[in-house]
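Take a look at the structure set out below.
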Amino acid sequence: MAMCWITSLPEDVIIECVARVPRRYYPSLSLVSKFFRSLIASPQLYARRSLLDRTEYCLYVTIYSHDDDYDRLYTLRQKINSSGDYCLVPIPSLPPMPSSGSYVAVGSKIYIMGGSCFEVSSNALTLIDCPLHMANHHLPNMPRAVASSVSGYINEKIYVIGGCRSRFPVFSEGPMDVMVFDVKSETWESKTRPDNLVFDWYSNSAVTWDDKIYFRVLKHGFVYDPSQDKMEKDDMLKSYHWVGSECVIERVLYYYSTASKILRSYDLKERCWKRVKGEIGLSGTTCARTVTYDKKVVVIFEKDIDRNKVELWCAEIKLERDEQGEICARLDWCVCVFEGHSRLMNCLVLNLSYFHFPSLVNGESNSDSFVLSHDMPYEEECRPIKVYTLGRVGS
């Protein structure tokens, strides 16, 4: 009877109420009825949560499957009735992605450029709407097909630099051309450059700071300034093998070294490397990705168990200053979150307090260009990661 009374209320009143419910309860709420299942997936609900400033950080991880040569998107959840157990949960409403694509977070959305499937590079551009877990495959293709390119987002534009045409050979020489995608007009522009560079299929990395893209390709470091279309070499940036790091805090790049088992920092302004004090000790690490949220460092890393099994672990590291003012690292927690015949590819952290629905007019949403599964993108036994830390639940 109580549920019938709630559903008899005007829909905008129901949205107003549900928008104030912590998002970790949405999986259970979606099981109540088809009405609530539809409501949980509606853009109106998330638009209202945005206006209420319901902050939520979400960690997304792409994992490569050896079985079908695709990447799949997972998200980190904390298990219900657990204070410290986490798991990576697949998002069933999203299709598999080409391997070795370039990922860029823009607000609450993820753009995926290019990639490869069965050794053939792609020029596809895919948009993932993270609050709704919908995929848009109808954006214009890139001017050319590439995989393992580096990319960055600056002033409403995505810059895609270089890349490989095919997986073999692993090291392939190609032009340092820059493809530019305007996220507002949804148009591409290609900038041809005279210089070539050997791109590595597996270990190209980039970060964005101060409206510039800092990236490392094989044994070379560069800084790209889009405002002047200027590419400058940075010999210090290439000094260490920082792979898959999206971690910049107050102009300092952080990455976890699997070889030395330490956290390193690079001051992007002063252009100098330092070893961060503190023993992290993530043993058995073979591959790692480093991201940040709320001025904390999160490391996702692999442990090889045998030829057919890999474990993925997640560690949260807190940064503090000692009495001398030096930055020190302290390991807060570290748990196994996934195992399978797979490989770690990309990691992104999105702040899901920022939602933008350009097609939402007069309370109606035109989502014809999106693919939305009616399967909820959550697992019943898991809940979203917590807000201010990956260990505290917020709304």
Side-chain angles (χ1 to χ4, degrees), residues 56-64 73-79 82-89 103 105 203 205 207 240-250 252-266 273-305 309-322 326-340 342-351 382-394:
E56 182 175 321
Y57 294 95
C58 284
L59 174 65
Y60 288 89
V61 179
T62 53
I63 298 176
Y64 170 76
L73 202 61
Y74 289 70
T75 186
L76 189 68
R77 299 282 185 253
Q78 184 179 16
K79 294 181 179 179
S82 170
S83 60
D85 289 335
Y86 295 83
C87 58
L88 283 174
V89 179
Y103 288 67
S203 59
S205 300
V207 295
Y240 291 100
H241 193 69
W242 56 283
V243 178
S245 177
E246 296 282 344
C247 185
V248 176
I249 304 173
E250 296 177 352
V252 178
L253 162 70
Y254 294 90
Y255 93 98
Y256 181 76
S257 170
T258 57
S260 304
K261 304 294 186 291
I262 61 173
L263 193 67
R264 295 189 187 276
S265 66
Y266 180 73
W273 286 98
K274 289 184 179 180
R275 172 177 174 169
V276 180
K277 292 182 178 180
E279 298 299 327
I280 306 301
L282 305 180
S283 61
T285 309
T286 56
C287 171
R289 301 289 183 263
T290 313
V291 293
T292 181
Y293 82 100
D294 198 30
K295 296 186 178 181
K296 294 188 178 182
V297 174
V298 177
V299 180
I300 303 289
F301 60 96
E302 290 182 0
K303 285 186 178 182
D304 288 330
I305 305 303
K309 183 178 178 181
V310 170
E311 289 183 348
L312 299 186
W313 288 65
C314 181
E316 182 181 279
I317 300 169
K318 186 176 181 181
L319 300 178
E320 303 172 322
R321 291 192 179 275
D322 60 15
E326 294 291 326
I327 297 176
C328 301
R330 176 173 59 84
L331 181 65
D332 273 1
W333 54 264
C334 180
V335 294
C336 180
V337 293
F338 177 88
E339 63 178 40
S342 307
R343 284 294 177 188
L344 173 64
M345 298 301 292
N346 297 285
C347 295
L348 291 169
V349 172
L350 277 74
N351 184 338
C382 297
R383 64 189 180 191
I385 61 174
K386 301 177 178 182
V387 178
Y388 297 105
T389 72
L390 289 178
R392 292 201 183 101
V393 170

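These numbers come from a predicted model, not from an experiment.
Residues Arg343 and Asp304 are paired through a salt bridge, judged by an N-O separation under 4.0 Å between the basic side chain and the carboxylate.
The two residues Tyr256 and Thr290 come nearest to each other via the heavy atoms N-OG1, 3.3 Å. Glu246 and Cys347 get closest at one heavy-atom pair: CG-O, 3.9 Å. Between Arg264 and Ser257, the closest heavy-atom pair is NE-CB, 4.2 Å. In terms of heavy atoms, Arg321 sits closest to Ile327 at NH1-CG1, 3.5 Å. In this structure, Phe301 and Ala315 approach most closely via the heavy-atom pair CE2-CB, 4.2 Å.
For the pair Val297/Ile249, a side-chain contact is recorded, criterion being any heavy-atom separation below 4.5 Å from C-beta on. A heavy-atom distance below 4.5 Å is found between the side chains of Tyr254 and Leu319. Two residues are said to be in side-chain contact when any heavy atoms from C-beta on lie closer than 4.5 Å; Leu348 and Asn346 fail this criterion. In this structure, Ser342 and Tyr64 have side chains that are not in contact, with every pair of non-hydrogen atoms separated by 4.5 Å or more. Counting only heavy atoms from C-beta outward, the side chains of Leu344 and Val61 approach each other to under 4.5 Å. Annotation: side chain of Val349 is not in contact with side chain of Thr292 (no heavy-atom distance under 4.5 Å). Side chains of Cys287 and Thr258 form no contact here, defined as non-hydrogen atoms less than 4.5 Å apart. Inter-residue side-chain proximity for Arg289 and Val243 is flagged as met; some heavy-atom pair is nearer than 4.5 Å.
Between the CG atom of Leu88 and the SG atom of Cys336 there is a distance of 9.0 Å, given to the nearest 0.5 Å. From Arg330, atom CZ reaches atom NZ of Lys296 across 8.0 Å, with rounding to the nearest 0.5 Å. Between the CZ atom in Arg77 and the OH atom in Tyr86 there is a gap of 12.5 Å [rounded to 0.5 Å]. Taking CG of Leu263 as the start and SG of Cys247 as the end, the distance is 7.5 Å to the nearest 0.5 Å. Note that CG of Leu59 is 14.0 Å distant from OH of Tyr74, once rounded to the nearest 0.5 Å. In this structure, Leu253 CG and Tyr266 OH are separated by 9.0 Å, a value rounded to the nearest 0.5 Å.
Side chain of Ser205 to backbone of Trp242: a donor-acceptor contact under 3.5 angstrom is found. Side-chain atoms of Glu302 do not come within 3.5 Å of backbone N or O of Val310 as any donor-acceptor pair. Side-chain N or O atoms of Ser265 include none that pairs as donor or acceptor with a backbone N or O of Val252 at under 3.5 Å.
Under the side-chain hydrogen bond (donor to acceptor under 3.5 Å, both in side chains) criterion, Tyr255 pairs with no residue at all, not counting sequence neighbours. Annotation: side-chain hydrogen bond (donor to acceptor under 3.5 Å, both in side chains) contacts of Tyr103 (sequence neighbours excluded): none.
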Tabulate below the donor-acceptor pairs under 3.5 Å that side-chain atoms of residues 273-283 make, not counting sequence neighbours, or state none.
residue, atom, partner, partner atom, Å
Trp273, NE1, Met236, O, 2.6
Lys277, NZ, Asp322, OD2, 3.1

